[in-house]
Amino acid sequence: MWQLAKAHVCANDAGVHQLVHHWLRTHATLEPFILAAHRQLSAMHPIYKLLDPHMRYTLEINALARQILINADGVIESCFTPGRYAMEISSSAYKNWRFDRESLPADLVQRGMAVPDPTQPHGVRLVLEDYPYGSDGLLIWGAIENWVRTYVHHYYPDSSLIRNDRELQNWYSESINVGHADLRHENWWPSLSSADDLVSILSTLIWLASAQHAALNFGQYPYGGYVPNRPPLMRRLIPEENDPEYASFISDPQKYFLTSLPSVLQAIKYMAVVDILSTHSPDEEYLGERQQPSTWSGDAEVVEAFYKFSAEMMEIEKEIERRNSDPKLKHRCGAGVLPYELLAPSSEPGITCRGVPNSVSI
């Protein structure tokens, strides 16, 4: 009964993971900012140059998702517990989505995994020290924020420049009023009137496109590819004592469990999809890398800041390796425990359960 209950929890969690945290909070909510950037920002605009690698392939993968993943009778509807109600769940969750809570520190506080603490580097303190996603994530969040702050202050030494930058203001206005039209009247949208505002907005967008998406996406096959360990749906309910099926459950619990799991066809389809989703392509660009580092060749200070950011990514990777070999950290080191590498910045091509690409590129 306990094993069956755990499988049902996993199946429900798989639906929430895919439809709310993965699709909605990274793929879908970033799309308006990307579309508005292409419409409102010149390719020569400094903020376009900053965001460019973090927008790579996202519109393409979202279009493919609408054709084969989240469409009617698509993979999500046929292989996950919510079925035909999948997009209703995503839409319902969007009503409570808030951009101002999507930065890592705000998200950790909102979920009760951290408390505000102005003495800490990021303004929050984890309530659980051995929390790999939170502790590794804060390292990356801090590096992104420092890089963005240096960049913004270089191009906008005075906040009046931000308020008077018509392209920038039009980009942010369209992202909210057109792209997120259903929520445009909410009072929690950050204003865009100072350098601190711009740093916060850009850091959140880059975090969502890179590390947040990586943490949600690239472990899907290693953690869930073995369907009995984490089934995306269960075909039979947990029987109560007065149910007709209860007797068959008692007589052979293992058979009942196995016949509750997805069919062979559903399992194969699900495995094939999460295999593709979890795979890094050979031309992947990782956080701290850029295809065209010459973008700022005329701005030595910005080039130096970017190389500093790249070096910080390498240091973070070494720190994550150190943490994964620390026997005191039981959630990431020990017999039968997978080292937590989802936020280790670099990766080889293929399924590696690690690597933080610049953008939502799969």
Side-chain angles (χ1 to χ4, degrees), residues 21-67 69-70 97 99 102-104 140-141 143-145 147-149 151-152 155 165 167-181 189-190 192 197-218 277 280-296 302 305-306 309-310 313 345 347 355-362:
H21 302 300
H22 185 196
W23 166 253
L24 173 67
R25 291 179 61 195
T26 60
H27 287 256
T29 54
L30 280 173
E31 188 169 302
F33 292 94
I34 296 170
L35 281 167
H38 286 296
R39 285 170 41 80
Q40 299 293 347
L41 297 175
S42 148
M44 297 182 290
H45 194 284
I47 300 307
Y48 184 91
K49 289 181 178 181
L50 175 70
L51 290 177
D52 187 33
H54 306 292
M55 304 188 291
R56 184 175 184 242
Y57 294 155
T58 304
L59 298 181
E60 182 181 6
I61 190 61
N62 284 6
L64 285 170
R66 291 185 177 99
Q67 290 170 17
L69 291 178
I70 61 170
W97 175 85
F99 181 77
E102 290 299 290
S103 72
L104 178 61
I140 292 179
W141 169 264
I144 291 171
E145 196 175 38
W147 153 236
V148 172
R149 184 178 291 108
Y151 190 92
V152 166
Y155 289 106
D165 186 330
E167 285 187 36
L168 185 65
Q169 293 294 337
N170 287 347
W171 163 68
Y172 191 54
S173 176
E174 182 177 312
S175 299
I176 296 170
N177 295 307
V178 180
H180 285 283
W189 283 104
L192 181 51
D197 295 336
L198 185 55
V199 169
S200 174
I201 291 163
L202 294 173
S203 297
T204 299
L205 292 174
I206 293 171
W207 162 259
L208 290 173
S210 59
Q212 177 70 353
H213 179 259
L216 291 164
N217 182 67
F218 291 104
L277 292 179
H280 289 293
S281 62
D283 72 333
E284 196 86 271
E285 274 183 34
Y286 297 95
L287 203 56
E289 298 176 355
R290 285 184 79 101
Q291 252 185 351
Q292 298 168 320
S294 60
T295 304
W296 306 294
V302 174
F306 180 72
F309 174 61
S310 299
M313 284 297 114
S347 174
V356 179
N358 277 323
S359 61
V360 177
S361 57
I362 184 73

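Along the sequence shown, residues are numbered consecutively beginning with 1.
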### Query
Does any N or O in the side chain of Gln212 come within less than 3.5 Å of the main-chain N or O of Thr26, such that one atom is a donor and the other an acceptor?
no
### Query
Any idea which heavy atoms bring Met55 and Ala37 closest together, and the distance?
SD-CB, 3.7 Å
### Summary
When every non-hydrogen atom of Gly355 is compared with those of Ala214, the smallest separation belongs to O-CB, 3.6 Å
### Query
Is there a side-chain contact (heavy atoms from CB on, under 4.5 Å) between Ile144 and Leu287 once you walk through the steps?
CA-CA 9 Å; Ile144 291 171; Leu287 203 56; 4.1 Å; yes
### Summary
Here the ring pair (Phe, Tyr, Trp, His ring centres under 6.0 Å) pairs for residues 27-51, sequence neighbours left out, are His22-His27, Trp23-His27, His27-His213, Phe33-Phe99, Phe33-His180, His38-Tyr48
#### Entry: Ser359 versus Arg56, closest heavy-atom pair with distance
OG-O, 2.8 Å
### Query
To the nearest 0.5 Å, what is the distance between CG (Leu104) and CD1 (Ile140)?
9.5 Å
#### Entry: Contact check, side chains of Trp171 and Leu51, non-hydrogen atoms, under 4.5 Å
yes
### For Ser281, all residues meeting side chain to side chain contact (heavy atoms under 4.5 Å, CB included), sequence neighbours excluded
Asp283, Glu284
#### Entry: side-chain contact (heavy atoms from CB on, under 4.5 Å) between Tyr151 and Lys49, intermediate numbers included
CA-CA 11 Å; Tyr151 190 92; Lys49 289 181 178 181; 3.9 Å; yes
### Task
Output all residues satisfying side chain to side chain donor-acceptor pair (under 3.5 Å) with Glu31, sequence neighbours left out; order by chain, then residue number.
Asn62, Arg66
#### Entry: Sequence-distant partners of Glu174, side chain to side chain donor-acceptor pair (under 3.5 Å), two or more places apart
Arg39, Gln40
### Task
Name all residues meeting the salt bridge (charged side-chain N to carboxylate O under 4.0 Å, His left out) criterion together with Glu102; count only those two or more places apart in sequence or in a different chain, and write none if there are none.
Arg25
#### Entry: Under the side chain to side chain donor-acceptor pair (under 3.5 Å) test, residues paired with Asn170 that sit two or more places apart
none
### Message
Quick check: do Leu35 and Leu59 have side-chain heavy atoms less than 4.5 Å from each other?
### Response
yes
### Task
Would you please test Val302 and Tyr155 for side-chain contact (heavy atoms from CB on, under 4.5 Å) and show each step?
CA-CA 9 Å; Val302 174; Tyr155 289 106; 3.8 Å; yes
#### Entry: Residues which pass side chain to side chain contact (heavy atoms under 4.5 Å, CB included) with Ala305, listed by chain and number, not counting sequence neighbours
Trp147, Thr150
What donor-acceptor contacts under 3.5 angstrom involve side-chain atoms of residues 203-210, with partners at least two apart or in another chain?
from   : atom 1 : to     : atom 2 : distance (Å)
Ser203 : OG     : Val199 : O      : 2.7
Thr204 : OG1    : Ser200 : O      : 2.9
Ser210 : OG     : Ile206 : O      : 2.6

### Query
Does Arg290 offer a backbone N or O that forms a donor-acceptor pair with the side chain of Asn358 under 3.5 Å?
no
### Task
Hey, could you give me the OH/OG distance between Tyr286 and Ser347, rounded to the nearest 0.5 Å?
4.0 Å
### Query
Out of curiosity, Leu69 CG to Ile61 CD1, how far, rounded to the nearest 0.5 Å?
7.0 Å
### Leu50 CG to Phe306 CZ distance, which is reported to the nearest 0.5 Å
10.0 Å
### Query
Could you state the interatomic distance from CH2 (Trp97) to CG (Leu24), rounded to the nearest 0.5 Å?
8.0 Å
### Query
Would you say Asp197 and Pro190 make side-chain contact, with heavy atoms under 4.5 Å?
no
### Message
By the salt bridge (charged side-chain N to carboxylate O under 4.0 Å, His left out) test, which pairs, at least two apart or in different chains, include something from residues 199-208?
### Response
none
### Task
Measure the spacing between OG of Ser310 and CD of Glu289 and express it to the nearest 0.5 Å.
8.0 Å
